[in-house]
Amino acid sequence: MSVNVNETIHETVGKSVLAEKLGFDYVWVSDVPEQRYAPVVASAIAARTKRIKIGLGLLSPFVHSPLQIAGSVITLVETYGERFELCIGPGDRNQMKRIGINLTHQRGISDDLLAAKNEIEKILRKRRVDCPVWLGAQGPKMLRASRFFAGVLLNYGSSELVKWAVDQVGQVKNRNFKYGIYALSYVYAKHDPKIHKLLKVSCAVVTLGATKTVLEKLSLAEEVAQANKALENGVSLDLIANSIPDRSMESFSIHKRSGELGAYLAELSGLGIEHVVFGYPQNHSKQTIRQLSRALNLKP
Amino acid sequence: MVQLAIGVTSGMRLEHILELSQVAERHDIKRVWIGEDITAPHDVFVSASTILLRFKKLHVGIGVTSPLVRNISTIARAAESLSEIGNYERFTLGLGVGGLQDLQRLGIKVVKPRDALRDATVLLRAMWKGKTLTFNKGNFQLRLYQARYASNREAPIFFGVRGPKLLRLAGEISDGVILSGPKTYVKKAVHLVREAIRESERPARNFKFVLWLPTVLVEKAADLKLVRNTVAYVLADTPRKVLELAGLEYEEVNEIREVYHKHGIVWASKLITPSVLEKVVIQGDQQQIVEEFKTFEKSGINEVVFGPPYGAHPQTAGNELAEFWMRYS
């Protein structure tokens with residue numbers, strides 16, 4: 001599961017300790033420009049846990065240099081052991097704009113990411129640090145580029161889109177290559193409208209930052225363009241979320257009753273998915289985390 | 001009374017950083033400063049977090065990181081995250097332009113450093129207050145950016161600066177200054193900063209002066225070799241104005257700088273004479289070092305930093321010095 005770096009570090013660490021106790025294999029710590037600094041949060045989690053692996057990312061090489069990314073990993077590994085995995089990617093375009101990084105018309109992003117990954121791996125190798133580097137991908141170019149990484153984390157929830165994305169990756173030479181998904185999530189035994197709303201708004205954010213190709217595939221390009229304009233004009237995200245069709249939520253999130261989860265995961269497994277990161281708002285509370293662990297039938 | 005701190009750099013081996021932090025905690029030394037080595041593959045913020053997490057009484061300062069090598073939003077949220085781990089009592093953020101040679105190696109050109117530090121400080125404080133910011137000038141661009149983690153609490157910001165204009169800026173807006181450079185420069189630097197504090201909008205604030213020079217515990221003559229490389233590097237990077245303030249003969253230092261730039265650190269270090277060492281390094285046995293540290297109190301220094309390069313065995317040197325300091329105090 002992922003942790004929410006918008007919460008206090010104390011809360012994040014508490015939920016990570018719980019995740020470890022419940023039997024989760026990984027916690028992923030996302031790096032978002034408007035939230036806490038993921039490598040420091042990861043350090044706090046690692047200091048209080050023993051076994052659970054810690055995924056760092058998605059980190060954007062457009063925000064942090066390859067040396068800085070590798071430096072974070074090296075410092076974490078040298079302090080806490082080889083418990084870390086790294087995911088890089090361009091980052092949400094709207095969030096990048098807010099810190100002065102414009103990816104909208106930039107060409108060759110996938111080439112830049114590949115170059116960054118190669119540089120990161122070179123630095124890690126020099127320090128004899130073993131840390132898989134994943135690519136967080138959504139659009140076709142990025143999916144094709146992911147072949148050269150240790151694995152790809154797909155930013156989708158619907159099995160139809162996952163299948164499409166896996167097909168886009170194409171033939172992979174690396175026999176250890178892993179397919180994973182990292183999606184907004186709400187798996188529930190008893191539906192809570194408050195959590196549902198959090199999921200809806202978060203899906204809106206992902207949709208607003210999605211690539212043009214994906215939006216056209218989902219027939220959402222026009223609505224999203226209008227929504228982005230409205231956002232820039234100061235309309236609240238809550239209002240905008242209501243204007244975006246429900247199919248965006250179906251596409252970008254795992255939104256299931258507990259009893260449906262098993263069949264869904266079996267379907268993903270059939271598509272080659274080995275790694276599933278249940279994102280926000282599944283980490284909303286210890287109760288929602290426990291609901292997920294029961295649905296997954298995890299052994300503490 | 002002047003306080004003792006221990007200095008490390010992010011380029012050091014992690015085990016040495018933690019060993020020296022343990023020395024600090026064991027001897028009730030209040031603070032560890034971590035200087036950022038921007039060419040080394042270590043994250044200064046993660047290093048700071050490991051000390052804060054492991055040693056619950058230690059105060060950690062970053063001395064310094066440059067706002068020219070990272071997005072300003074990254075510095076803001078890293079500092080806030082560290083402040084939070086330290087319960088908003090144990091973390092200080094040090095800002096500086098950065099080593100000019102290191103910046104050059106990374107392809108970063110330094111333009112209007114005073115504006116950069118001023119803007120960085122103003123933006124950081126605004127981000128920590130949760131303000132929505134749009135800014136587009138010089139090194140920094142933000143557009144409707146709001147730090148969602150903001151706690152409305154400011155980490156103290158110290159400047160690690162040397163030239164007169166930046167020293168005045170430190171006095172104008174920062175919470176403290178980390179001084180480095182020739183010993184004869186220190187008193188003049190303090191004077192410049194104090195003038196600026198008096199003229200600032202907050203002249204009564206609790207401003208701190210920290211002194212961080214190369215320090216080495218000398219047990220045998222060979223130990224001085226440890227510090228020659230450091231001195232060559234520091235002198236190669238020291239602005240001319242600072243050398244003038246220090247009253248150093250430019251010619252004495254210029255040859256070292258030229259050889260450094262042409263042939264590298266090893267050859268430049270061979271030109272470091274005992275006379276130059278005496279002017280820029282705190283050296284000697286425990287008593288000599290402690291006595292020299294204490295003399296800086298008269299110049300207005302509140303805190304002195306021990307090391308690097310420490311001595312032949314950093315942890316042992318740290319222990320011995322700390323023990324002597326406790327007895328002497």
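Every chain is numbered from 1, with letters handed out A, B, ... down the list of sequences. Keep in mind that this is a model prediction, so the values were computed, not measured.
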Distance (rounded to the nearest 0.5 Å) between Thr50(B) OG1 and Tyr80(A) OH: 5.5 Å
Donor-acceptor contact below 3.5 Å, side chain Asn71(B) vs main chain Ile99(A): yes
Heavy-atom side-chain contact between Arg70(B) and Gln68(A) under 4.5 Å: yes
Interface moiety of Val32(A) toward chain B, non-hydrogen atoms closer than 4.5 Å: backbone
Part of His10(A) lying under 4.5 Å from any heavy atom of chain B: backbone
Part of Ser65(A) within contact of chain B (heavy atom distance under 4.5 Å): neither
Other residues, nucleotides, ligands: >12 heavy atoms within 6.0 Å of Arg26(B) CZ: yes
Option that, when pairs with chain A are counted at under 4.5 Å, heavy atom only, ranks first among Thr74(B), Val46(B), Leu133(B): Val46(B)
From CA spacing to verdict: side chain to side chain contact (heavy atoms under 4.5 Å, CB included), Thr79(A), Arg54(B): CA-CA 11 Å; Thr79(A) 310; Arg54(B) 201 173 287 207; 3.9 Å; yes
Test item: Ser49(B) side-chain N/O and Ser43(A) main-chain N/O as donor-acceptor pair under 3.5 Å: no
Inter-residue atom distance Ile69(A).CD1 - Asp43(B).CG, 0.5 Å rounding: 10.5 Å
Interface moiety of Ile9(A) toward chain B, non-hydrogen atoms closer than 4.5 Å: both
CZ (Arg128(A)) with more than 12 external heavy atoms under 6.0 Å: no
Verdict with reasoning, Arg36(A) to Glu84(B), per side chain to side chain contact (heavy atoms under 4.5 Å, CB included): CA-CA 10 Å; Arg36(A) 287 167 180 77; Glu84(B) 194 178 324; 2.7 Å; yes
Smallest separation among heavy atoms of Thr75(A) and Ser47(B), with atom names: CG2-OG, 3.5 Å
Spacing of CZ belonging to Arg148(B) relative to CD belonging to Gln35(A), to within rounding of 0.5 Å: 8.0 Å
More than 12 heavy atoms of other groups within 6.0 Å of Arg93(A) CZ: yes
Interface residue of largest heavy-atom contact number with chain B, from Thr8(A), Leu124(A), Val13(A), under 4.5 Å: Thr8(A)
Closest non-hydrogen atom pair, Arg98(A) against Leu144(B): CD-O, 3.3 Å
Interchain contact, Ile101(A) with chain B, by part (heavy-atom threshold 4.5 Å): side chain
Shortest non-hydrogen contact from Tyr37(A) toward Ser81(B): N-OG, 3.2 Å
Chain A contact via Ser10(B) - side chain, backbone, both or neither, heavy atoms under 4.5 Å: neither
Contact origin within Ala79(B) toward chain A - heavy atom pairs under 4.5 Å: neither
Sidechain-backbone polar pair: Tyr145(B) side chain, Pro33(A) backbone, donor-acceptor under 3.5 Å: yes
Contact winner vs chain A - Thr134(B), Val44(B), Val69(B), Leu106(B), heavy-atom pairs under 4.5 Å: Val69(B)
Option in Lys97(A), Arg48(A), His64(A) with maximal non-hydrogen atom pairs under 4.5 Å from chain B: His64(A)
Part of Ala44(A) within contact of chain B (heavy atom distance under 4.5 Å): both
Minimum heavy-atom distance Leu53(B)-Ala47(A), with the two atoms named: CD1-CB, 4.0 Å
Among Gln146(B), His42(B), Gln141(B), residue most engaged with chain A (heavy-atom pairs, under 4.5 Å): His42(B)
